[in-house]
Each structure stands twice: as C-alpha cells, then as structure tokens.
There are 2 protein chains.
Amino acid sequence: MRESTALDRMICFQLYAASRAMTALYRPHLDPHGLTYPQYLVMRVLWHDGPTTIRDLGRALRLDSGTLSPLLKRLETQGHLRRQRGTHDERTVWIHPTETGTRLQTDIGDLSHALACATGLTTDELTQLHTLLHRARGTADTPREGQP
Amino acid sequence: MRESTALDRMICFQLYAASRAMTALYRPHLDPHGLTYPQYLVMRVLWHDGPTTIRDLGRALRLDSGTLSPLLKRLETQGHLRRQRGTHDERTVWIHPTETGTRLQTDIGDLSHALACATGLTTDELTQLHTLLHRARGTADTPREGQP
DNA sequence: CCCAATCTAGTTGTGCACAACTGATCGGTG
DNA sequence: CACCGATCAGTTGTGCACAACTAGATTGGG
C-alpha cells in the first residue's frame, strides 16, 4: 500500500475503506441486474427467509425505515417484491419476493465465494476476519437495539 | 448476536455493518464540533500532513472529487480550511487548515484509543484485524488507482 | 510550435444512511 | 371503555459515495 498519513493507523478508517472497496467489487456483478449492494442484501434476506416484515429486515440489516422505505419502493417498482399491510397487526408491512425477484437468485448466482477470493486472503484468514468483525460489532452495535 | 439470516456468513456484510457501527461510535464525539466522520478524516490528514492538494486528499481517503468538492466547501464555510488554486500548476487546489481548523485537533483529542476500546477487542486482536483489513484492501482496492 | 491525449477540480443526478418527526395502530391499565 | 405509552412505517432534510460528464490547464509527440 502507499498511504503515509495517520489514517493508516485508524482501525475505523480501515473498516470504512475496506467496506467501500468490497462493495465496489460487488458492483460490476450487480449492475447488470439493476441492483445496488443494499438492494442485493435485502433480496438475500428474502431468498433465505421468504416473506419478511420491514421491521425484521431492518433488524437483520441494521437499517431503519428511513433507509428501507424508499429502497423497498424502488425494488417494488422493479418488480422484485410486493408489499402487503399485515392483517393481524396493521402496523407491520410484509415484504413478499415475487417470482421475478426469486429468479434473480439463480441469475446472479453465488458471489460471496468469488469475491472472498478477490480479497486475496486465505480461508483461515477470512474466518479470522469474520470472527473479529462479528465480535467487534457485537460490542459496538448496542445503540440501535437491545434484545429484551 | 441475534441474526439468523444468510447475511451472517457474508464477510462483506460484516464489513458493511461493522463500518457503520464504528462510525456511529464516533458520531457523539464529533457532533458537538459540527463534524461528520468523513469531514473528521479530512481534518486528520490536514493535521498530520499540513497543506495538501485535493488530489492527494482523494488518494489518501480513496474518494473522488465528486465527494470531496462539496465536503470541502462545507468545511470551508465552517472556517476549518481555506482553498487556494495552485500557482505553479493551476489545475490543482491546495487545502490549508486554518487556525480554527488546527485548534479542533486539541479540542477533539484522541478518539481512536477510546473507540478501539469500545470494540471490546484486545490489543492483539485489533492489530490482527488491522492487518487483515489492510491486506484485504490491498488486493481489492486496485480499481481506483494503480501506482505506475 | 501545435495539437491531441491526460490530468484536475467541479457539477449533476441517483441512491443510500441517519436524525427528527408524523400519523396510524396496538397493548395494557385504570 | 377510555386513555397512555410503545411500536411501526413513512416523510423530510442533510450529507456522503459514486457514475458520468464538463471546462480548463498541462504535457508530450510530431
């Protein structure tokens, strides 16, 4: 690497830069399908969990309704999902993947493996990195929600 | 942690979430000074390197002029820096920290130590995390600039 | 010298993030 | 039942990120 500033020593800057660099690696794979990276994350949750409430999407992605509402509206416009007000509890809104949205999963295929390789880290190092990030986040994450 | 979705396994999502969580930890320390996190990063470069061109700021932070131009305009409005067109090469613009901007360094103090502790990781783990991020970024980062 | 590529900063447009707020709905308690 | 606090989705406003583009300055080759 080539920087020489104080930024090099900041763990937080490394996170910030690494996160943007990784997202940039996803972009060329997602662009052809008209998806952004956060939209892809939403679709992944839908593929994995099926119909989900906006509340649970927010908890999984750690995003609030201010971010999710317009994002989901765009995905709905593209035909990838359908929103439906809950019948039992009318405050919640259920997000259903459409057939088009479901087909995206096979169309896009498995990116995580290809992109993990793109980092140049070994499997062990990736596991290590994953564990460290997860643990760091566990402590740092509390502000947004505390499980009762 | 509490998630149960496929996101848990994505190294990229862990980066994305950890980065936002860390930034959120900085926010309460920066808000009182009217700084955002990216603005703070710019000021750190200025504190460390003194007057810098926008080009070099972009290289250090890995941000383009589309992001930096308005950001620097806001910092200039706040009186933290001054921009000056280069005399030798009139394409470049030099960014000079003002006295107000320099005073911010002592006013804000050393955040990185306090916030590294907030992650709950040990010193060794932080070093490990730092190294892994730096290495992952080294490979992933190429798109934006290739050193000749 | 001249012109074509390159470099630099800035602008425009789109899409996140997030704070602060609104309005509707729900759940429990008196 | 009526009220009150909590919950949920949505809106508004600000500030990044980044692609695509513009305009001006510079550099190198012929």
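Lettering of chains follows the sequences in order, A, B, ..., and the numbering in each one begins at 1.
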N or O in side chain of [X] less than 4.0 angstrom from [N] OP1/OP2:
X	N	result
A:Tyr16	D:dC16	no
B:Arg74	D:dC16	yes
A:Arg83	D:dG10	yes
A:Arg20	D:dC18	yes

Report the distance from atom [atom1] of [X] to atom [atom2] of [N], rounded to the nearest whole Å.
X	N	atom1	atom2	value
A:Gln78	C:dT14	CD	P	14 Å
A:Leu61	C:dA17	CG	C1'	12 Å
A:Gln84	D:dC8	CD	P	18 Å
A:Arg59	D:dA9	CZ	C1'	13 Å
A:Glu76	D:dG10	CD	C1'	14 Å
B:Leu57	D:dA17	CG	P	14 Å
B:Leu68	D:dA17	CG	P	10 Å
A:Asp64	C:dT22	CG	C1'	15 Å

Shorter than 3.5 Å, N or O on both sides, protein versus nucleotides 23-27 of chain D: list them out with atom names.
from, atom 1, to, atom 2, distance (Å)
D:dT26, OP1, B:His88, O, 3.3
D:dT26, OP1, B:Glu90, N, 3.1

Using distance only, find each side-chain donor-acceptor pair of residues 34-43 of chain B under 3.5 Å and give its atom names and separation, not counting sequence neighbours.
from, atom 1, to, atom 2, distance (Å)
B:Thr36, OG1, B:Gln39, N, 3.3
B:Tyr37, OH, A:Phe13, N, 3.4
B:Gln39, OE1, B:Thr36, N, 3.1
B:Tyr40, OH, B:Arg44, NH1, 3.1

Does [X] reach the main-chain N or O of [Y] with its side chain, forming a donor-acceptor pair under 3.5 Å?
X	Y	value
A:Thr98	A:Gly79	yes
A:Thr106	A:Arg103	yes
A:Trp94	A:Arg82	no
B:Thr131	B:Thr127	yes
B:Asp56	B:Arg59	no
B:Ser69	B:Thr67	no

Response to the item:
Note: for B:Leu72 and B:Arg27 on DNA chain C, the residue whose nearest nucleotide lies more 5' is B:Leu72
Discussion item. Categorize A:Leu71 for me: base, sugar-phosphate, or nothing, with a 4.0 angstrom heavy-atom threshold over every strand shown.
Written reply: sugar-phosphate
Discussion item. Can you list, in residue-number order, the parts of residues 29-41 of chain B that come under 4.0 Å of DNA chain D, counting heavy atoms only?
Written reply: B:Thr36, B:Pro38, B:Gln39
Item to complete: Return each pair, listed once, that meets salt bridge (Lys or Arg N to Asp or Glu O under 4.0 Å) where at least one residue sits in residues 113-125 of chain A; pairs must be two or more places apart or across chains.
Response: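 Checked against salt bridge (Lys or Arg N to Asp or Glu O under 4.0 Å) - neighbours excluded - the pairs reaching residues 113-125 of chain A are A:Glu125-B:Arg135.
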Short heteroatom pairs, N/O only, protein and nucleotides 11-13 of chain C, under 3.5 Å:
from, atom 1, to, atom 2, distance (Å)
C:dT11, OP2, B:Lys73, NZ, 3.1

Item to complete: Output all residues satisfying side-chain contact (heavy atoms from CB on, under 4.5 Å) with B:Glu76, sequence neighbours left out; order by chain, then residue number.
Response: B:Leu81, B:Arg83
Practice prompt. Quick one: closest heavy-atom pair of B:Glu90 and B:Arg85, and the distance?
Written response: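 Smallest interatomic distance, heavy atoms only, reads O-CD, 2.9 Å.
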Response to the item:
Here the pair of heavy atoms bringing B:Ala18 nearest to A:Leu133 is CB-CD2, 4.0 Å
Practice prompt. Step by step, work out the side-chain contact (heavy atoms from CB on, under 4.5 Å) result for B:Met22 and A:Ile11.
Written response: CA-CA 9 Å; B:Met22 279 293 275; A:Ile11 201 92; 3.6 Å; yes
